[in-house]
Amino acid sequence: MDPLLIGFLLIIFLALAFDFINGFHDTANAIATSVATKVLTPAQAITMAAVLNVVGALAGTAVAKTIATSIVPQEYATLQLTGAALLSAIFWNLFTWWKGLPSSSSHALIFSLVGAGVAAGGWGIIIPKGVQKTVTGLFTSPLLGFIVPILLMTLLSWLVLRHMRPRTVTGTFRWLQIGSAAFMAFSHGGNDAQKAMGIMTFALSAYLGTQVEQVPLWIILSAATAMGLGTSIGGWRIIKTMGFKVVDLKPVDGFVAEASAAAIISGATALGIPVSTTHTISTSIMGVGTTKGFRKVKWQVAGRIMQAWVFTIPVCIALGWLFHKALLLLG
């Protein structure tokens, strides 16, 4: 078999492994709040999230095109560069999963690609516009994730909640939260699965030696399937952190956090902006928590989440660079 083809198939395997790990690493994004409020059992929540992650992944390719064409030019694409980016992102995902930290799989991959690109051709080959789009999403999505739930909860309290009995509020929002959890799972699949589609398309460009602008159907289907399978496994360490250790949640809180985060993520996906679903839902939960009182949020846990958020960029750039150099040494 052609060695180049073997290398390409190995890269596809790594990309699907990353997508699978992304699925179980980020399961908490879609289900932590609904499990914490006991609206859904863990099994029900994971099943729903797995199915809707797949459906969301099939909904478009705008984010995938950003990854494939707007971070490192495809004329510089090599299998070593792609492999280094994937190995770096997988390593960081597994490390943060082991530590129970909700880090961003999306930004792990993107900045690993930046690091590997710098190792391959220097900073001059990195496309500033594409990185700027990613950085914009990195900062604005958590900010909106914090602000929007506060506004939505305030509006709900003024228009609806003050006129309802506590038992009625709980009963009503138990049902509404199922819908918001489904929306969150769909939006997660729509944004996050496209990262793997993008890096696989980038690898295909390296293998064919030509630019590939449209994401092939086989890449879309395989990435969607891998994420769905990963989601079905579940990442219980992170679920516990997000669902139980940041703030005590009720169904109305879960609804507001999930609906806000899902709307922000879906908007970014439509614009082709890779955002962190983890960062967005994390800050949404914090935003909901502050409406109960500043002291209701366990800020020490929130601080650990923010540490992972800050360290992901420099660590993954460095790891991408190191893995690329290591792969070159190995031939």
Legend entry - Any side-chain heavy-atom pair of Val169 and Phe173 under 4.5 Å: yes
Inset, instruction - Could you tell me whether the side chain of Gln74 and the main chain of Thr69 form a donor-acceptor pair under 3.5 Å? - result: no
Inset, instruction - Look only at the side chain of Asp19 and the backbone of Gly230, and say whether a donor-acceptor pair between them is shorter than 3.5 Å. - result: no
Inset, instruction - To the nearest 0.5 Å, tell me how far Ile178 CD1 sits from Gln44 CD. - result: 8.0 Å
Legend entry - Distance (rounded to the nearest 0.5 Å) between Leu5 CG and Leu10 CG: 9.5 Å
Legend entry - Nearest-0.5 Å distance, CG of residue Leu16 to CD1 of residue Ile11: 11.5 Å
Legend entry - Validation row: Ile150, Thr154 side chains within 4.5 angstrom (heavy atoms): yes
Inset, instruction - Report the C-alpha separation of Thr312 and Trp92 in whole Å, then their side-chain angles, then the decisive distance to 0.1 Å, and conclude whether the side-chain contact (heavy atoms from CB on, under 4.5 Å) test is met. - result: CA-CA 8 Å; Thr312 292; Trp92 185 243; 3.0 Å; yes
Inset, instruction - Can you measure from OG1 (Thr61) to CE (Met197) and round to the nearest 0.5 angstrom? - result: 8.0 Å
Inset, instruction - Measure from the side-chain N and O atoms of Asn53 to the backbone N and O of Ala49, and report whether any donor-acceptor pair falls under 3.5 Å. - result: yes
Legend entry - Min side-chain heavy-atom separation Leu86-Ser112 under 4.5 Å: no
Legend entry - Shared hydrophobic cluster for Val252 and Met164 (ILVMFWY, side-chain gaps under 4.5 Å): yes
Inset, instruction - Please lay out, stage by stage, how Trp321 and Ile317 fare under the test side-chain contact (heavy atoms from CB on, under 4.5 Å). - result: CA-CA 6 Å; Trp321 189 92; Ile317 289 175; 5.7 Å; no
Legend entry - Where Ala85 and Leu109 come nearest, the two heavy atoms and their spacing: O-CD1, 4.3 Å
Legend entry - same_hphob_cluster(Phe186, Val63) at 4.5 Å side-chain heavy-atom cutoff: no
Inset, instruction - Using a 4.5 Å cut-off on heavy atoms from C-beta on, say whether the side chain of Ile199 contacts that of Leu14. - result: no
Legend entry - Lys65 and Glu213, any side-chain heavy atoms less than 4.5 Å apart: no
Inset, instruction - Determine the minimum heavy-atom distance between Ala84 and Ala116, stating which atoms define it. - result: CB-CB, 4.0 Å
Legend entry - Atom CD of Gln132 with >12 non-hydrogen neighbours under 6.0 angstrom: no
Legend entry - Donor-acceptor contact present, side-chain Ser266 to main-chain Ala263, <3.5 Å: no
Legend entry - Passing option when Phe255 is tested against Thr172, Leu176, Val288 for side chain to side chain contact (heavy atoms under 4.5 Å, CB included): Leu176
Legend entry - Heavy-atom donor-acceptor pair, Thr66 side chain to Gly272 backbone, under 3.5 Å: yes
Inset, instruction - Answer yes or no: is there a donor N or O on one side and an acceptor on the other, between the side chain of Thr280 and the main chain of Ser276, under 3.5 Å? - result: yes
Inset, instruction - List the steps and the verdict of side-chain contact (heavy atoms from CB on, under 4.5 Å) for Val118 and Ile126. - result: CA-CA 7 Å; Val118 171; Ile126 306 301; 4.0 Å; yes
Legend entry - Connected via hydrophobic side-chain network under 4.5 Å: Leu271 and Val148: no
Inset, instruction - Measure the spacing between OG1 of Thr82 and CG of Leu113 and express it to the nearest 0.5 Å. - result: 7.5 Å
Inset, instruction - Look at the side chain of Ser70 and the backbone N and O of Gly130, then say whether any donor-acceptor pair between them is shorter than 3.5 Å. - result: no
Inset, instruction - May I ask you to check whether over 12 heavy atoms, not counting those of Trp218, lie within 6.0 Å of atom CH2? - result: yes
Legend entry - Pairwise side-chain contact, Met153 with Asp253, heavy-atom cut-off 4.5 Å (strictly under): yes
Inset, instruction - Check Pro216 against Thr201 and note the closest heavy-atom contact, atom names and distance. - result: CD-OG1, 4.2 Å
Inset, instruction - Flag the pair Leu52 / Phe183 as yes when at least one side-chain heavy-atom distance between them is below 4.5 Å, and no otherwise. - result: no
Legend entry - Evaluation steps, salt bridge (charged side-chain N to carboxylate O under 4.0 Å, His left out), between Asp192 and Lys195: CA-CA 6 Å; Asp192 272 27; Lys195 311 322 188 324; 3.0 Å; yes
Inset, instruction - Examine Leu58 and Leu229 and state if one hydrophobic cluster contains both, with Ile, Leu, Val, Met, Phe, Trp and Tyr joined whenever side-chain heavy atoms are less than 4.5 Å apart. - result: yes
Legend entry - Heavy-atom side-chain proximity of Met184 to Ile265 below 4.5 angstrom: yes
Inset, instruction - Would you check, one step at a time, whether the test side-chain contact (heavy atoms from CB on, under 4.5 Å) holds for Met227 with Thr231? - result: CA-CA 6 Å; Met227 172 153 285; Thr231 301; 4.0 Å; yes
Inset, instruction - Please check if Phe13 and Phe20 belong to a single hydrophobic cluster, counting links between Ile, Leu, Val, Met, Phe, Trp and Tyr side chain heavy atoms closer than 4.5 Å. - result: no
Inset, instruction - Could you grab the distance from atom CD1 of Ile71 to atom CZ of Phe111, nearest 0.5 Å is fine? - result: 7.5 Å
